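Here it is: the structure, laid out below.
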Amino acid sequence: MRGVKVLLVSPDAEARDLFRIAVGSIERRLGEPVSFQDASDGEQGARIGLRERPDAVVADEIASRAGAFGMARDLRGAVDPYRGPIVIVLERKHDAWLARWSGADAWFVRPVDPFELADRLVELIQASRGPLPQRPGQPPETQPGTQREIA
C-alpha cells in the first residue's frame, strides 16, 4: 500500500490541525494511509515540497515569509517543478486571482467546509496519479475510486 503524503503549510498550528482533520478523512476513500508533514511558512513549505515531493500541498494564505502564493510559484517554477496538487485556503474571495496566478489547483475561502476540501483533494490526487489500471474482466466504470460526473 503506497500511502498519501500531504504537506500542510501555516504559521498557525491550530489551522494545521484543522487541515489535518479534514484531509485525514480521505484515507478511507483512497484506501491508503495518509501521512502529514508540516511547515510553518512558505519558504519552508517550498523546500519541503521540492525535497519530499508530497502527493498534495494544503497551504494557508496567511503563511508567513514567502506566503502560500509565493510558495506555490516557487514549487511550480522550480527547475524540476512540483506537479502535485496545491490547495490554498484564502481569507478573502478577492484573492482567488492570486491563487490562480500562483499555480494553485484549487482554493477555498474561510470558513472552509472540510467535506468540500476533502472531496476536491481526492479528485486532484486521483487526477495527478492518472487513470487506474483496469483489472481483467472489470469494466472501467465499476473500478474502485472512479469519479462520476454528477449533473
Side-chain angles (χ1 to χ4, degrees), residues 1-134 143-147 149:
M1 190 172 294
R2 179 174 175 225
V4 177
K5 294 187 300 184
V6 180
L7 173 60
L8 305 175
V9 184
S10 177
D12 181 1
E14 187 175 309
R16 289 192 309 268
D17 287 341
L18 292 173
F19 295 161
R20 192 178 332 278
I21 291 167
V23 173
S25 70
I26 71 173
E27 187 170 274
R28 184 173 36 199
R29 290 178 54 195
L30 291 174
E32 300 177 46
V34 176
S35 62
F36 297 97
Q37 295 178 293
D38 290 2
S40 60
D41 62 56
E43 287 178 357
Q44 184 183 35
R47 281 193 309 274
I48 292 171
L50 291 172
R51 183 182 66 234
E52 300 296 326
R53 302 293 171 157
D55 295 290
V57 176
V58 177
D60 198 342
E61 169 194 12
I62 61 170
S64 57
R65 301 184 77 143
F69 305 128
M71 179 202 66
R73 293 285 291 182
D74 288 347
L75 289 171
R76 296 293 193 220
V79 173
D80 181 14
Y82 172 75
R83 300 197 190 286
I86 299 173
V87 177
I88 297 179
V89 176
L90 305 172
E91 283 293 317
R92 308 173 316 157
K93 68 179 181 177
H94 307 297
D95 290 334
W97 73 272
L98 283 167
R100 185 179 304 110
W101 167 83
S102 72
D105 297 288
W107 45 90
F108 293 89
V109 179
R110 277 194 167 82
V112 177
D113 179 325
F115 299 106
E116 285 183 38
L117 174 61
D119 289 346
R120 186 68 177 124
L121 204 52
V122 166
E123 291 171 7
L124 291 168
I125 290 169
Q126 288 177 333
S128 72
R129 290 180 171 180
L132 291 172
Q134 186 173 347
Q143 290 188 47
T146 301
Q147 296 290 316
E149 191 172 324

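These numbers come from a predicted model, not from an experiment. Here, residue 1 is the first one in the sequence, and each next residue gets the next number.
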Working for side-chain contact (heavy atoms from CB on, under 4.5 Å), residues Asp80 and Arg53 | CA-CA 11 Å; Asp80 181 14; Arg53 302 293 171 157; 3.4 Å; yes
Less than 4.5 Å apart, any side-chain heavy atom of Arg92 and any of Leu98?
->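 Counting from C-beta outward, Arg92 and Leu98 never come under 4.5 Å.
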Below 4.5 Å, heavy atoms only, C-beta onward: do Arg120 and Phe108 meet side chain to side chain?
->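 Yes, close enough: below the 4.5 Å cut-off.
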Nearest non-hydrogen partners of Asp38 and Arg20, listed with the distance | OD2-NH2, 2.8 Å
Residues that Ala96 engages under side-chain contact (heavy atoms from CB on, under 4.5 Å), provided they are two or more places apart | Leu90, Trp107
Can you find a pair of side-chain heavy atoms, one from Arg29 and one from Asp119, that are under 4.5 Å apart?
->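 They are in contact (side-chain heavy atoms under 4.5 Å apart), so the answer is yes.
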Answer yes or no: is there a side-chain heavy-atom contact under 4.5 Å between Arg51 and Gln37?
-> no
Tyr82 side chain near Pro54 side chain, heavy-atom distance below 4.5 Å = yes
Any side-chain heavy-atom pair from Arg110 and Val89 closer than 4.5 angstrom?
->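 In contact.
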Student check: side-chain heavy atoms of Leu75 and Leu50 closer than 4.5 Å |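 Side chain of Leu75 against side chain of Leu50, heavy atoms only: contact under 4.5 Å found.
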Picking from Ile88, Ile48, Val57, what satisfies side chain to side chain contact (heavy atoms under 4.5 Å, CB included) with Met71?
->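 Checked Ile88, Ile48, Val57 against Met71; only one passes side chain to side chain contact (heavy atoms under 4.5 Å, CB included): Val57.
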Is Asp95 close to Glu61 at the side-chain level, that is, under 4.5 Å between some pair of heavy atoms?
-> yes
Do the charged groups of Asp105 and Arg76 touch, with an N to O distance under 4.0 Å?
-> yes
Between Val109 and Glu91, which heavy-atom pair has the shortest distance, and what is it?
-> CG1-O, 4.1 Å
